[in-house]
> 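The structure's right below; bear with me while I get my questions together.
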Amino acid sequence: EVQLLESGGGLVQPGGSLRLSCAASGFTFSSFGMSWVRQAPGKGLEWVSIISGNSGSTDFADSVKGRFAISRDNSKNTLYLEMNSLRAEDTAVYFCAKEGGFCSGGSCSGFVAFDIWGQGTMVTVSS
Amino acid sequence: QSALTQPASVSGSPGQSITISCTGTSSDVGSSNLVSWYQQYPGKAPKLMIYEVTKRPSGVSNRFSGSKSGNTASLTISGLQAEDEADYYCCSYTGFSTFIFGGGTKLTVL
């Protein structure tokens with residue numbers, strides 16, 4: 001079964017740091033880009049960051065650029081989001097999401113969308 | 001960059017069809033066919049319903065369809081069912097390895 005499981009959320013003070021993890025299973029993790037998407041309480045979805053399958057490229061939303069870092073360990077099938085200089089407006093449920101696509105017969109094909117999502121982990125920034 | 005524009009809410013009766021619009025700019029929705037739609041129930045993770053404007057992932061009902069004209073994409077749900085009541089979000093690739101979501105639309109089945 002294809003699955004993503006986030007962890008690492010919690011309560012942190014403004015200016016603090018937190019590291020989120022996303023454990024993947026059931027698919028060839030290294031073959032797909034991965035993103036983080038967040039949702040503030042009662043609000044809509046906001047794309048946060050993306051990393052390619054081989055970690056060769058990353059990008060960030062302007063709202064987190066310079067404060068957040070994304071990385072992955074393909075040997076552990078795990079995605080990370082390092083969040084620094086946290087602000088109250090970073091309070092949200094953070095979802096990890098897989099780039100669309102599938103592998104078959106040793107080859108993989110992808111499409112630009114998020115086809116698998118984790119259940120989310122809550123990050124609260126408050127004093 | 002501001003979120004794509006979606007109506008805050010739409011409603012319809014069982015069996016009817018509804019359409020949710022998603023308006024962006026020539027830099028996002030209008031620049032490619034890389035628009036996707038997601039369904040989200042309260043407290044749950046989003047689910048991919050449409051990708052590349054018109055394509056349905058395996059397992060998604062053919063009652064869901066997508067289209068695009070210029071800078072506006074649309075999601076149509078035909079034969080509305082009670083289980084379709086949820087929030088719906090559009091998403092567009094911006095061409096610079098970044099994405100932008102719509103503000104979301106709450107669908108109420110009357």
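All chains are named by letter (A, B, ...) in the order of the sequence lines, taking the proteins before the strands, and each is independently numbered beginning at 1.
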> B:I100 versus A:W47: any side-chain heavy-atom pair under 4.5 Å?
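They are not in contact (no side-chain heavy atoms under 4.5 Å apart), so the answer is no.
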
> Classify the ring geometry between B:Y38 and A:W117 as parallel (under 30°), tilted (30 to 60°) or perpendicular (over 60°).
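Perpendicular.
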
> For B:K44, give me all partners under salt bridge (charged side-chain N to carboxylate O under 4.0 Å, His left out), at least two apart in sequence or on another chain.
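For B:K44 there are no salt bridge (charged side-chain N to carboxylate O under 4.0 Å, His left out) partners, ignoring immediate neighbours.
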
> According to the side-chain hydrogen bond (donor to acceptor under 3.5 Å, both in side chains) rule, which pairs have a member within residues 87-104 of chain A, sequence neighbours left out?
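For residues 87-104 of chain A, and leaving out neighbouring residues, the side-chain hydrogen bond (donor to acceptor under 3.5 Å, both in side chains) pairs sorted by first residue read A:R38-A:D90, A:R38-A:Y94, A:R67-A:D90, A:K98-A:D115.
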
> With a 6.0 Å cut-off on ring centres, are A:F114 and B:F99 close enough?
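Yes - the distance between ring centres of A:F114 and B:F99 falls below the 6.0 Å cut-off.
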
> Which of residues 26-35 of chain B get closer than 4.5 angstrom to chain A, counting heavy atoms alone?
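Under the 4.5 Å heavy-atom cut-off, B:L34 qualify.
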
> Applying a strict under-4.5 Å side-chain criterion to I, L, V, M, F, W and Y, I'd like to know whether B:L48 and A:F102 cluster together.
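No, no single cluster joins them.
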
> Return the CZ to CD distance between B:F101 and A:Q39, rounded to the nearest 0.5 Å.
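The distance works out to 9.5 Å.
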
> Can you tell which of B:E52, B:Q40, B:K47, B:Q6 has the highest number of heavy-atom pairs within less than 4.5 Å of chain A?
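Sorted descending by pairs with chain A, the first entry is B:Q40.
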
> Just checking heavy atoms, which of residues 50-62 of chain A are less than 4.5 Å from chain B?
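Residues in range: A:I50, A:D59, A:F60.
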
> Measure across A:A113 and B:Y51 and return the closest heavy-atom pair with its distance rounded to 0.1 Å.
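Nearest heavy atoms, A:A113 then B:Y51: CB-CB, 3.7 Å.
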
> Is it the case that one hydrophobic cluster holds both B:Y88 and B:I50, taking links as side-chain heavy atoms less than 4.5 Å apart, direct or via other members?
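Yes, it is one cluster - the side chains of B:Y88 and B:I50 are joined through contacts under 4.5 Å.
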
> Specify which of B:P46, B:S36, B:A45 makes the most heavy-atom pairs with chain A at under 4.5 Å.
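So the answer, after comparing B:P46, B:S36, B:A45, is B:P46.
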
> Flag yes if A:V112 and A:I116 sit in one hydrophobic cluster, no otherwise; membership is Ile, Leu, Val, Met, Phe, Trp, Tyr, and two members link when side-chain heavy atoms are under 4.5 Å apart.
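Shared cluster, no.
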
> Relative to chain B, which of A:G44, A:G100, A:S49 shows the most heavy atom pairs under 4.5 Å?
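Greatest number of close heavy-atom pairs with chain B: A:G44.
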
> Quick one: what part of A:V37 sits under 4.5 Å from any heavy atom of chain B, side chain, backbone, both or neither?
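For A:V37, side-chain heavy atoms alone lie under 4.5 Å from chain B.
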
> With clusters defined by side-chain heavy atoms of hydrophobic residues (ILVMFWY) lying less than 4.5 Å apart, directly or transitively, does A:M122 cluster with A:F95?
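A:F95 and A:M122: one cluster.
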
> Can you tell me which portion of A:F111 sits under 4.5 Å from chain B's heavy atoms? Options are side chain, backbone, both or neither.
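When you check distances to chain B, atoms from both the backbone and side chain of A:F111 fall under 4.5 Å.
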
> Do B:V109 and B:Y89 sit in one hydrophobic cluster, given that two such residues count as connected whenever their side-chain heavy atoms are within less than 4.5 Å of each other, even indirectly?
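Each belongs to a different hydrophobic cluster.
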
